[in-house]
Amino acid sequence: MTDNQKGVPPVTLPLRFLHAYLAGRIPFLQFCRSFEWADEEVEAQGANPFFRHERDNLEISSIEITDGDGDNPLVTFFFQPESRA
């Protein structure tokens, strides 16, 4: 289990899909559409939970990788309020 802040929903994605996006093989809008975050470019940024968490001054506190359903591992990002130095 992680130290996720209560009320801050984690974000879970298929690890292979995230890797393909980070490698530049999947455009941002396609990435958002795959998770039904947005259908149009105009709404993509605001619908992205990573954008919303960053906007709300939350930072990634931990990352967990689980088996998922066999050959498709999942990565879950947990968030907490930013720690200001």
Side-chain angles (χ1 to χ4, degrees):
M1 201 48 141
T2 67
D3 58 352
N4 189 42
Q5 191 78 7
K6 271 191 170 184
V8 179
V11 177
T12 300
L13 308 167
L15 186 58
R16 289 184 181 158
F17 200 85
L18 178 62
H19 191 182
Y21 170 68
L22 294 173
R25 292 190 310 116
I26 299 171
F28 179 67
L29 184 57
Q30 182 182 346
F31 185 75
C32 289
R33 283 179 175 159
S34 297
F35 301 106
E36 298 180 357
W37 295 343
D39 288 324
E40 302 296 327
E41 189 75 38
V42 176
E43 61 187 2
Q45 185 174 15
N48 177 342
F50 290 98
F51 173 83
R52 289 193 314 271
H53 287 348
E54 196 275 334
R55 178 198 62 207
D56 294 340
N57 295 317
L58 300 169
E59 63 185 10
I60 295 171
S61 60
S62 62
I63 300 170
E64 183 178 277
I65 298 175
T66 56
D67 286 340
D69 58 358
D71 290 337
N72 197 13
L74 301 173
V75 59
T76 300
F77 295 86
F78 297 91
F79 298 85
Q80 68 182 16
E82 279 185 6
S83 54
R84 305 262 178 183

So, His53 side chain and Pro10 main chain: donor-acceptor pair closer than 3.5 Å or not? no
Output for pair (Ile60 CD1, Thr76 OG1), nearest 0.5 Å, gives 11.5 Å
Out of curiosity, His19 NE2 to Arg16 CZ, how far, rounded to the nearest 0.5 Å? 11.0 Å
Could you check whether any side-chain N or O of Asn48 sits under 3.5 Å from a backbone N or O of Phe50, counting only pairs where one atom can act as donor and the other as acceptor? yes
For Ser34, give me all partners under side chain to side chain donor-acceptor pair (under 3.5 Å), at least two apart in sequence or on another chain. none
Taking all heavy atoms of Leu74 and all of Pro14, pick out the closest pair and write down the distance. CD2-CA, 3.8 Å
Could you check if a side-chain atom of Leu58 sits within less than 4.5 angstrom of a side-chain atom of Pro81, using non-hydrogen atoms only? yes
Gap separating the OG1 atom of Thr66 from the CG atom of Asn72, nearest 0.5 angstrom: 9.5 Å
Does Ser61 reach the main-chain N or O of Phe78 with its side chain, forming a donor-acceptor pair under 3.5 Å? yes
Results of ring-ring contact (aromatic ring centres under 6.0 Å, His included) for Phe31 - residues two or more places apart only: Phe17, Tyr21, Phe35, Trp37
